[in-house]
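Chain A is the first sequence line, chain B the second, and so forth, proteins listed ahead of strands; every chain is numbered from 1.
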Number of protein chains: 2
Amino acid sequence: MKTPKPGIPVRGSKTGQPIMALLDLLGRSWAMGIIWHLYTGPNTFRGLQDYCESISPTTLNTRLKELRDCNLIERTLEGYALTEYGKELYELLEPMGNWARHRWVNSFKENNNKP
Amino acid sequence: MKTPKPGIPVRGSKTGQPIMALLDLLGRSWAMGIIWHLYTGPNTFRGLQDYCESISPTTLNTRLKELRDCNLIERTLEGYALTEYGKELYELLEPMGNWARHRWVNSFKENNNKP
DNA sequence: TAGCAAAGCTACTAAATTCATAGCGTCTAG
DNA sequence: CTAGACGCTATGAATTTAGTAGCTTTGCTA
């Protein structure tokens, strides 16, 4: 699977606008989950496998490669870890946690839209 | 495809933590792209198809259903549009645009990691 | 120093998702 | 009527992901 990077054609943009490359990258299974989890600290391949429960090693490996190619994570002595860029991105993602918990959930209580 | 909602088992959380449900929902092809685009204003099914270029009507339709089930978009007389919740979510996504353009791209210039 | 366990994968097949294309039914304008 | 736009559905092929097994290396440790 081709790694989406700014400047090359990606899903949603033939010219590879950075935001579209980013949305393409993050819009793949487990990509955001991995970043979310790594913020708690570096982790090993098997550790991530356990965390993700249902991820296959094939997918985990390609996802890790993509995230490395895009400079969001790197390998350290303690396992995979977020880079500076990865941490910055996490911090942009973080507010979604509170929003999901405190705002989004309300939308399911209104007009009998049960989860 | 099962729509991920808070409170039910989703990818990454057997108990359906809201953030995991959200990451599951957004981690599907075109989901964030649709939200990103709809912020510019309501659009029709065919309009979205054109915008997304390579999306199939099947996928577009299931994605629209999921986003509607999760209260992020709705149908209006002018076509599909973001709900209040959808707009809120967009605003959380928005900073990623600048970050991608002004920060992330730099990571590809360092250490000859060409896009 | 032989054995064992953990880590980081690769290989392979099956299932699920997505794409690509064609076309149906409804509505509105001409 | 007829044509075109719209919102899809149907079908089959291609791509992605899951599931399981197991190889290779490293570091104990007995």
Answer with yes or no whether B:T58 presents, from its side chain, a donor or acceptor under 3.5 Å of a partner atom in the base of C:dA20. yes
Give a yes/no answer on whether the side chain of A:W30 brings an N or O atom under 4.0 Å of OP1 or OP2 in D:dA18. yes
When you measure from the side chain of B:K65, which nucleotide among D:dT16, D:dT9, D:dC8 comes out closest? D:dT9
For B:E66 and B:P57, take the nucleotide of DNA chain C holding the closest heavy atom to each; which residue's nucleotide lies nearer the 5' end? B:E66
Picking from C:dT10, D:dG19, D:dA10, the nucleotide nearest the side-chain atoms of A:N61 would be C:dT10
On the side chain of A:R46, is there an atom forming a donor-acceptor pair with the base of C:dA6 - under 3.5 Å, no angle test? no
Presence of A:S56 side-chain N/O under 4.0 Å of D:dG19 phosphate oxygens OP1/OP2: no
B:E66 versus B:D69: any side-chain heavy-atom pair under 4.5 Å? no
Counting only side-chain nitrogens and oxygens, does A:R63 get under 4.0 Å of the OP1 or OP2 atom of D:dT17? yes
Would you call B:Y51 and B:I34 a side-chain contact if the rule is heavy atoms closer than 4.5 Å? no
Just jot down the side chain to side chain donor-acceptor pair (under 3.5 Å) partners of A:N61, sequence neighbours excluded, or say none. none
Between CD1 of B:I55 and P of D:dT15 the distance, given in whole Å, is 18 Å
So, does A:T44 get its side chain near the phosphate of C:dG8, meaning an N or O under 4.0 Å from OP1 or OP2? yes
Picking from C:dT18, D:dG19, D:dG7, the nucleotide nearest the side-chain atoms of B:M1 would be C:dT18
A:R75, nearest nucleotide to its side chain (from D:dG7, C:dC9, C:dA22): C:dC9
Hey, does the side chain of A:Y80 come within less than 4.0 Å of C:dC9's phosphate (OP1/OP2), counting only N and O? yes
Would you call the rings of B:F45 and B:Y80 parallel, tilted or perpendicular, taking 30° and 60° as the class edges? tilted
